[in-house]
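For reference, the structure is listed below as structure tokens.
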Amino acid sequence: MSTSPTVWPPGTECIAKYNFQGTASQDLPFSKGDVLTIIEVTKDPNWYKAKNKVEREGIIPANYVQKREGVRSSTKLSLMPWFHGKITREQAEKLLFPPDTGLYLVRESTNYPGDYTLCVSCDGKVEHYRIIYSDSKLSIDEEAYFDNLMQLVEHYTKDADGLCTRLIKPKLVEGTVAAVDEFSRSGWSLNMKDLKILQIIGKGEFGDVMLGEYRGNKVAVKCIKHDATAQAFVAEASVMTQLRHKNLVQLLGVIVEDKSGLYIVTEYMGKGSLVDYLRSRGRSVLGGDCLLKFCLDVCEAMEYLEANNFVHRDLAARNVLVSDDNIAKVSDFGLTKEASSVQDTGKLPVKWTSPEALREKKFSTKSDVWSYGILLWEIYSFGRVPYPRIPLKDVVPRVEKGYKMESPDGCPAPVYEVMKRCWHLDPNQRPSFKQLLEYLQQIKKELYHR
Ligand code: AMP
């Protein structure tokens, strides 16, 4: 048996590469794909004490499992690392030099805007095949048709089917890594065979959310079939590999399928989004202690993001989900960035975004604190849309002048004080999530003696 290269500390998560039945009573049997957590390093570095999902403990062989790690944040993951965008025929030929039969890339067509060109090295020269885009389908020979470039490349990777050669090696865009390779390297790739998709449960900005079953457990699956939006999903999933907290919706893994697109598999949150939950249950069902518990759940997650230097940028009740056992967890990491890389704005939810983020694109933990204040208001008003009765165009000018929403009916005064602190126009005067957590814990003690 080979020695594992580095010792994994307790708490390390691993994913099983093979089945292990175990021979001795102290062994922990597992199946390929199971997630195991290291508890203890044994004297022999080839064996670890670990536990499985149902907390059963035992000894496991190190070389049967792969350590799960966060996807490297410095790498730009791409589903189409061979897509070079608008480059010329000459640039493509330079990139495919030295000629290596089967080396390929795809570029946007210069002669036929809207179409693409597949460039392949073959016996010392580069062939350029026009990919015609019509009626939402792509085709080179008008015999085989594809929904997207990934499918087309997959097809010609398997078989030349009329091209000078089959596609053998992608010419990667500098600085990118194939998403599929990075997810497997870091231990986050799941097997499509283990996933059963059951029914649609939600519609997201980028695609449908489905209820699924993964190895016997209920899971939520985000599916995406189109090239452009799939890239945004890759970004969301790679952020999720780096985060773990009881109040963040947990990523279980990713499936990259050339044929059917990308799937992000997360834990299933049976009670759906917090905003729908608040609206449908309302005041008669949800007591003050329950509302405060949601505030605390979200605050704990945000304190974790703050401590790890992540900025969420889209915190709102619609992006918080509720589990079957009523735990609120933050989700939708599509816009989440490591603090240092936060710059661009794009489409922003105006009523949730802080004035400095809207004005100067200054996103920070303190702009998340502003959004958290709005979220507190949403919770205590049972899911109302913020700034009721103020036309959207008037919201920003009024807020900039210092306007703050009134306290929702029945909201305890100390909670409303917390909201107002989050809405300080000067971001430096807003509390940190660590402080907010302390305030809320104090309020809980005072109001509910717990
Ligand atoms: P999203 O694309 O994340 O905004 O999700 C759209 C909708 O799908 C949400 O509002 C939820 O109703 C549902 N949904 C998303 N993720 C999950 C999940 N993990 N568990 C249950 N429902 C979910």
Side-chain angles (χ1 to χ4, degrees), residues 35 53 188 190 194-226 228-241 243-255 261-282 286 294 297-298 301-302 305 310-337 346-353 368 371 374-375 378-379 382-386:
V35 176
K53 215 174 49 189
W188 289 96
L190 303 181
D194 293 330
L195 180 68
K196 226 192 293 167
I197 293 193
L198 301 173
Q199 70 190 71
I200 184 161
I201 47 172
K203 286 217 174 286
E205 199 186 332
F206 298 120
D208 293 342
V209 183
M210 318 289 290
L211 168 66
E213 204 181 278
Y214 182 76
R215 300 159 64 88
N217 294 309
K218 269 188 181 175
V219 293
V221 187
K222 274 193 189 179
C223 317
I224 186 77
K225 294 189 176 74
H226 300 290
T229 40
Q231 197 53 50
F233 267 66
V234 167
E236 172 163 0
S238 61
V239 167
M240 290 173 90
T241 64
L243 305 170
R244 172 165 295 266
H245 187 274
K246 66 178 178 52
N247 298 111
L248 291 178
V249 173
Q250 182 58 47
L251 176 72
L252 301 173
V254 175
I255 301 171
L262 175 75
Y263 299 83
I264 298 187
V265 184
T266 64
E267 67 177 306
Y268 173 67
M269 302 289 287
K271 291 188 172 154
S273 90
L274 178 60
V275 72
D276 295 338
Y277 186 77
L278 293 163
R279 285 176 190 165
S280 59
R281 270 68 170 189
L286 302 171
F294 288 146
D297 282 348
V298 175
M302 295 310 295
L305 291 184
F310 277 93
V311 178
H312 188 285
R313 305 208 301 173
D314 199 10
L315 184 61
R318 64 181 171 279
N319 290 334
V320 173
L321 299 172
V322 183
S323 69
D324 278 326
D325 46 358
N326 285 339
I327 298 171
K329 304 192 185 196
V330 175
S331 115
D332 268 283
F333 301 93
L335 294 175
T336 307
K337 296 267 163 64
K347 282 183 285 165
L348 288 172
V350 167
K351 291 183 172 182
W352 282 262
T353 308
D368 277 351
S371 313
I374 306 285
L375 168 64
E378 289 183 275
I379 291 176
F382 296 90
R384 283 188 81 182
V385 177

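Counting convention: from 1, in listed order, for ligands and their atoms alike. Keep in mind that what you see is a predicted model, and the values were worked out from it rather than measured.
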Q. Who are the salt bridge (charged side-chain N to carboxylate O under 4.0 Å, His left out) partners of Lys271, not counting sequence neighbours?
A. none
**Q.** Sequence-distant partners of Lys218, salt bridge (charged side-chain N to carboxylate O under 4.0 Å, His left out), two or more places apart
**A.** none
Side chain proximity check, [X] to [Y], heavy atoms < 4.5 angstrom:
X      : Y      : result
Lys329 : Val320 : no
Tyr214 : Leu252 : no
Asn326 : Tyr277 : yes
Lys351 : Val385 : yes

Q | Proximity to ligand 1 by part of Leu321, non-hydrogen separation under 4.0 Å | A | side chain
Q) Using a heavy-atom cut-off of under 4.0 Å, does the side chain or the backbone of Lys222 touch ligand 1, or both, or neither? A) side chain
Under 4.0 Å to a heavy atom of [X] - the qualifying atoms of ligand 1, by number:
X      : answer
Thr266 : 19 (N)
Ser273 : 10 (O)
Tyr268 : 20 (N), 21 (C)
Ile201 : 21 (C), 22 (N)
Asp332 : 1 (P), 3 (O), 4 (O)
Lys203 : 6 (C)

Q | Under 3.5 Å donor-acceptor, Asn319 side chain and Asp314 backbone | A | yes
Kindly confirm or rule out an N or O of [X] lying under 3.5 angstrom from an N or O of ligand 1.
X      : answer
Met269 : yes
Arg318 : no
Glu267 : yes

Q.
Val221 vs Ile255, test: side-chain contact (heavy atoms from CB on, under 4.5 Å). Steps then yes/no.
A. CA-CA 10 Å; Val221 187; Ile255 301 171; over 6 Å; no
